[in-house]
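One structure below.
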Amino acid sequence: MSHKRTTIPVHYDATGHNQAPAPLSDATGRQATIGLDIMSREELDSFGTELDAVRLRTLESLGQADANYIRRIIRIQQWSEILGRIGIFTPFFWPTFVAGIMLLGLSKILENMEIGHNVMHGQYDWMNDPLIDGKRYEWDNVAPAQDWKHGHNYLHHTYTNIHGMDKDIGYGLLRIDEAQPWYPNHRFNLPAATLLMLFFEWGVMYHGLELGDYLKGDMSKEEFLARKKRALAKTRRQVFKDYVAFPVLALALVPMVGWWAPLAVLGATFTANIIRNIWTFLIIFCGHFPAEVQTFDEDEAKNESRGQWYLRQLLGSANISGTRPFHILSGNLSHQIEHHLFPDIPARRYPEVAREIRDICERHNLPYNTGRLSKQLLSVARQLGAYGAKPSDPYLVGNSPESKALRRAKREAARASAEGAEHLTA
Amino acid sequence: MGVVRTALASRAVGSVTSPHHVDHYLEKLHPLWTAEAVRARVVGIERETDNATTVTLRPNGAWKGFTPGQHVEFGVEVDGVRKVRVFSVSSSAAAKGRNFSVSVKAHPDGFVSRFLNSRLASGELVYLSQAQGDFVLPAGLPDELLLLSGGSGITPVMSMLRTLLDSDAIRPRRITFLHYARSREDEMFTEQLDGWDDLPDVDVVRVYTREPEQGAELTGRFSVDHLKHLGIDPATTLTYVCGPAGLIASVRDAYSEQDAADQVRFEYFKVPTIDPALLEAAAAAASGTLTFDRSGSEATNSGNTILEQAEAAGLTPEYGCRMGVCNTCAIKKLHGAVRHVISGEINANTDETIKPCVHVPVGDVAVAL
């Protein structure tokens, strides 16, 4: 769900497309500062033009091979789902039972990452196939597609790594960046992250409610209730399928296996969901939270050019190197940089796009953050540990008297300038 | 729909395949085994004229049949892209079996119609919708019926006449089938129309506007005089008109003048424009009308993005980044051409998904907003 507006915009004109997304654009005419320490404005513009050219070239070459690919992945996912569900109905023979759990987990991973996430970005909208349409697709996950798309496609992909705008920086739970204020609960960064890992889909669903926004008064009650309703409906359907319908079908096994057959099916499905949760968590945390990934202030990003928007995506993301099956299992989000530069290009193209991006980065002397899964994971864990400790600088501690005074001063300044503006218009 | 399909499309099955529709699985087993999605195989292709073709389809069990005069969405997949156009059914609804056909005239600038005429082969898979449209005959047939058509607008009324002649039900006392074509070579269904010349209660009249035949009963474009000559009284004749906008307008004017506007049922057919030269001109001029189909309003194309034009028209469409990244605003464009403001690429397919925040209309465009 995106916010709907009633006023007619006057300042924004997408024609030419060299403007920052609202509300990152203002009338001051002051240009964003992102990247100015490493590149000139001209260089930033040519960087933007080069990336636009890569995007266009790739979009123009989309065709049958891409359609065949996504359908083949869906076919593999569905067969592994069907075989997996059959497998977990054999609790009397542990090799097929365990294989069933693995296949069901694999199917959920493929469905959520390479299929669901990518389809919901609109990567395959050009095919005009209603079953893989970004607006209609609903994924096998308790988070309703609509609210996930708002937080992810819109907020996270537009305002990537901007403090206060991209809510995926630590998900309002963890402290993963120096610029986030520290609160005492961040002492439990690592255990909290571990719990989030195990129940990641529930975390994603809760995140999509944006309770924080509602409590702060940034979201209307109707909007929040609508989100809650959607989340409950989706949860009900998911829980019914995984934990009621199939275990009930397993009652048929009771005479053969024993009273515990439905419980075995339920447990196996639970395990498959956990496998998916762990895997998606690992891939996603490695995409933005390793050291050296940069975050930004709203001020730096105000009125950024297209080149600066691209640069922010590049500096705010990290890749994971690996084999082709690994990339597919990660939904090609192992190419997080390419995904953030071009979120609507079919993910199977990211490896080939990556070669061009690396080349462009080399020519412009830009960092390109990549590493093995183990390296990136270790880096994330270190970050979580380090930023969980109380900083010595009182301004980094959220509830220190110094921070409170600073916030109060900022509020007052904002109020004063708003009143000033009113005087001017009156 | 058969018992198996009804069961597969039931809520019980849906709750187990949730969040996906059962067709999502079934189509991977076999493209025709879908429970609700209508699909068909091409079983016959027949040339009608140099540039018109009749395609006979064998639909799967999800097809619920059609009423003569209705149309169907017809999608073919080319290079991974499903191209959809709407065509009228031309066959008889009283014929035996489930097969039906659509007849299509190739428009030099209509991709699907050209594809149908040049590349579509027997055995090909076609993605359909259920038959739709209310351009159909009433349950109780009138005494006098006029079926009037121009060019490829003949298809729905052809289906009506074929059905009336095939069925055993009592038909109107008098049926007039008045058709306008450029020439005899350009006319569809010529052979069958010739064969109906001596039916007592059906008067088949064809007017060739560009190459009139020697001693033809009527000549030139439609006018009230044609009706007078045929002895048709608009006030008492239920009239179905299908054809180009010009023909429909003059028929409606003629009936209005005689206070018989309520006797006319009409259907337009839309032709997509993708002639590059025309589009360049249209893009430069920011001309045309932008139609918001769901809200039933329209705006003169101002040259801004479709999102901005919709907002200016007082609509409140969903949007996010306003820079073509997040896909929040994605909607169906029903017909017409749009240009991407970054890439300059022009898309002119019927029923395709676009992002209104980065697309501007080129000429007449209708969107699902």
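Reminder, nothing fancy here: chain letters follow the sequence lines and each chain counts from 1. Every value quoted in this text rests on a predicted model; they were computed, and no experiment measured them.
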At a 4.5 Å cut-off on heavy atoms, which part of [X] comes close to chain B: side chain, backbone, both, or neither?
{"X": "A:Asp133", "value": "side chain"}
{"X": "A:Trp139", "value": "backbone"}
{"X": "A:Phe342", "value": "neither"}
{"X": "A:Arg71", "value": "both"}
{"X": "A:Asp344", "value": "side chain"}
{"X": "A:Arg57", "value": "neither"}
{"X": "A:Leu56", "value": "side chain"}

Note to self: Using a 4.5 angstrom heavy-atom cutoff, name the option from A:Met127, A:Gln78, A:Glu138, A:Lys234 with the most pairs to chain B.
What the structure shows: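 Max contact count across the listed options: A:Gln78.
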
Next item on the list: Evaluate side-chain contact (heavy atoms from CB on, under 4.5 Å) for A:Glu50 paired with A:Tyr310, printing each intermediate quantity in order.
Entry: CA-CA 10 Å; A:Glu50 283 171 61; A:Tyr310 274 132; over 6 Å; no

Note to self: Can you tell whether the side chains of A:Arg348 and A:Asp66 come within less than 4.0 Å, N to carboxylate O?
What the structure shows: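 Result for this pair is yes, salt bridge flagged.
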
Ignoring hydrogens and geometry beyond distance, is a side-chain donor-acceptor pair present between [X] and [Y] at under 3.5 Å?
{"X": "A:Gln238", "Y": "A:Asp140", "result": "yes"}
{"X": "A:Lys108", "Y": "A:Asn273", "result": "yes"}
{"X": "A:Glu114", "Y": "A:Asn118", "result": "yes"}

Checklist line | Proximal to chain B - members of residues 244-252 of chain A, heavy-atom separation under 4.5 Å | finding: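 Residues of residues 244-252 of chain A touching chain B at under 4.5 Å: A:Ala245, A:Phe246.
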
Note to self: Can you confirm whether B:Val365 sits close enough to B:Lys333 that some side-chain heavy atom of one is under 4.5 Å from a side-chain heavy atom of the other?
What the structure shows: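 They are in side-chain contact.
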
Check: Do B:Ile354 and B:Ile331 have side-chain heavy atoms sitting under 4.5 Å apart?
Finding: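 With C-beta onward as the side chain, the pair touches.
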
Next item on the list: Using the six-membered ring wherever Trp is involved, compare the ring planes of B:His340 and B:His359 and label them parallel, tilted or perpendicular (cut-offs 30° and 60°).
Entry: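 Geometry flag for B:His359 against B:His340: perpendicular rings.
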
Notebook entry, point to check: Which value, rounded to the nearest 0.5 Å, describes the distance between A:Glu111 atom CD and A:Asn141 atom CG?
Noted result: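 One gets 8.0 Å once the value is rounded to the nearest 0.5 Å.
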
Next item on the list: Tell me, please, whether A:Phe240 has A:Arg237 positioned over its six-membered ring: NZ or CZ under 6.0 Å from the ring centre and within 45 degrees of its axis?
Entry: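 No; the conditions do not both hold, so A:Arg237 does not lie above the ring face of A:Phe240.
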
Check: Pick one: which of B:Glu77, B:Glu124, B:Glu27 meets salt bridge (Lys or Arg N to Asp or Glu O under 4.0 Å) with B:Arg39?
Finding: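 With B:Arg39 as partner, salt bridge (Lys or Arg N to Asp or Glu O under 4.0 Å) holds for just one option, B:Glu27.
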
Next item on the list: Name the member of B:His20, B:Lys83, B:Lys28, B:Arg82 that forms the most heavy-atom pairs with chain A at distances under 4.5 Å.
Entry: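 Going by pairs under 4.5 Å, I would pick B:Arg82.
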
Next item on the list: Measure distances from B:Leu307 to the heavy atoms of chain A and classify the residue's part below 4.5 Å as side chain, backbone, both or neither.
Entry: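 Neither; nothing under 4.5 Å.
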
